Amino acid sequence: MAVGTRNEQRLKLRRAVGHYQDTALVTDDMLDDALDDALLEINRHFSTIELGSFTTVADQQTYTGILPVGGYSIAKVFYGSDGEGACEVVPPEFETIAWGEMTEDGTRLRAQPSDALFFFRNRSYFRRFFESSAVVQKPDTVRLLPIPGSAVSVYFTYWEPVYADVADVEEVHERQYWAWAKYTMHTMLSVGRGSVEKVQSVTGMTLSTRASKAHERGADREHQRFVDMMPALVPARNWMV
């Protein structure tokens, strides 16, 4: 479920910062700036991962401009060599050392840890120096090794925005979205005309306000709320990114 149309969001944001009927100080352009900034922040933190591909050209190593329209940057490239990779021709005795010998009755004997470590080190050396690889230069330049000798398909994952417009924002990101929109709006109102603290009329009457300080505190509060709602980082490697 979307959080509302742009106009509905303008009204809600104007109420949230205490200027429900104030269209002179809080213009639609200011509200749109805050909403668009919140959209950019949500897309930056919660961008989705998609799959793309391109076809190589014989004897060409570097490829650029392959990112689909709207994509942010390439995450990881999956490139296979034209011929048989070195990792597929690891000597059979390495496999025996790593996984242990199999007896006639189907029992596998446990390998010695030192032997297994030797095997996996050697396999990692094979992969590092002989297997196909790709270097990604953000946002969308890829260099392939070895240089392809023919036209082959290379697949890659890339980041793209989760929402195209503020009207598309779903309920799952609503609280973070509004926190950043209010943070941006309070920040804008703490400067410029919103930062005026004293007004004196021609008759000598003086009016003092603390609106600037109030908006500064509001900005700090909403920024901290946004940070507190961010998901915790997962300490694990992801094969897609």
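Note that this is a predicted model, so its numbers are computed, not measured. Hydrogens, waters and symmetry mates are skipped; everything else that's a heavy atom, side chains included, is used.
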*side-chain contact (heavy atoms from CB on, under 4.5 Å) between Glu170 and Val3, intermediate numbers included*: CA-CA 6 Å; Glu170 297 287 341; Val3 300; over 6 Å; no
*Kindly indicate whether the side chain of Arg44, heavy atoms from C-beta on, has any atom under 4.5 Å from the side chain of Tyr72.*
no
*Rounded to the nearest 0.5 Å, what separation is found between the CD atom of Gln176 and the CD1 atom of Ile42?*
5.5 Å
*Contact check, side chains of Trp180 and His45, non-hydrogen atoms, under 4.5 Å*: no
*Give, for atom CG of Leu189 and atom CG of Leu25, the distance between the pair rounded to the nearest 0.5 Å.*
5.5 Å
*Closest heavy-atom contact between Leu67 and Ile74?*
CD1-CG1, 3.8 Å
*Check whether Met230 and Leu40 end up in the same hydrophobic cluster, where Ile, Leu, Val, Met, Phe, Trp and Tyr are linked by side-chain heavy atoms less than 4.5 Å apart.*
no
_Crowding at CZ, Arg175 (>12 non-hydrogen neighbours, <6.0 Å)_ = no
*Heavy-atom pair of closest approach, residues Glu216 and Ser190*: CG-CB, 3.7 Å
*asked:* Taking the side chain as everything from C-beta on, heavy atoms only, tell me whether Phe156 gets closer than 4.5 Å to Val136.
replied: no
*Give a yes or no on whether the backbone of Tyr163 and the side-chain of Asn43 come within a donor-acceptor separation of less than 3.5 Å.*
yes
*Electrostatic pair Arg10:Asp29 at N-O distance under 4.0 angstrom*: no
*For the pair Val142 and Thr64, evaluate side-chain contact (heavy atoms from CB on, under 4.5 Å) and give the outcome as yes or no after the intermediate values.*
CA-CA 6 Å; Val142 175; Thr64 189; over 6 Å; no
_Heavy-atom closest contact (Ala34 atom, Met188 atom, distance)_ = CB-CE, 4.0 Å
_For His19, all residues meeting ring-ring contact (aromatic ring centres under 6.0 Å, His included), sequence neighbours excluded_ = His215
*Side-chain contact test, heavy atoms from C-beta onward, threshold under 4.5 Å: evaluate it for Thr184 versus Leu35 and give yes or no.*
no
_When you group the ILVMFWY residues by side-chain heavy-atom contacts below 4.5 Å and let the links chain together, are Val162 and Val172 in the same group?_
yes
*Are the side chain of Gln9 and the backbone N or O of Gly4 linked by a donor-acceptor pair below 3.5 Å?*
yes
*Within a strict 4.5 Å, meaning less than it, do heavy atoms of the Leu144 and Tyr63 side chains meet?*
yes
*State, yes or no, whether a side-chain contact exists between Glu50 and Thr157 at a heavy-atom distance under 4.5 Å.*
no
*Could you tell me whether Arg14 and Asp28 make a salt bridge, using a distance below 4.0 angstrom between a side-chain N and a carboxylate O?*
yes
_Glu171 and Tyr177 side chains, donor-acceptor separation under 3.5 Å_ = no
*Between the side chains of Asp220 and Gln224, is a donor N or O closer than 3.5 angstrom to an acceptor N or O?*
no
*asked:* Give me the atom names and distance for the closest heavy-atom approach of Ser53 to Tyr155.
replied: CB-CD2, 3.5 Å
_Any side-chain heavy-atom pair of Thr141 and Thr62 under 4.5 Å_ = yes
*Got a donor-acceptor contact below 3.5 angstrom from the Lys182 side chain to the Ala16 backbone?*
no
*Electrostatic pair Lys12-Glu174, nearest N-O below 4.0 angstrom*: yes
*Is it true that a side-chain atom of Asp140 and a backbone atom of Ser73 form a donor plus acceptor pair closer than 3.5 Å?*
no
*Would you name the heavy atoms of Trp159 and Ser47 that are closest together and state the gap between them?*
CE3-OG, 3.4 Å
_Do Tyr183 and Arg225 have side chains that approach each other closer than 4.5 Å (heavy atoms only, starting at C-beta)?_
no
*So Met185 and Leu31, side-chain contact (heavy atoms from CB on, under 4.5 Å) or not? Walk me through it.*
CA-CA 7 Å; Met185 201 67 218; Leu31 294 167; 3.9 Å; yes
*Do you reckon Tyr79 sits in the same ILVMFWY cluster as Val57, going by side-chain contacts under 4.5 Å, direct or chained?*
yes
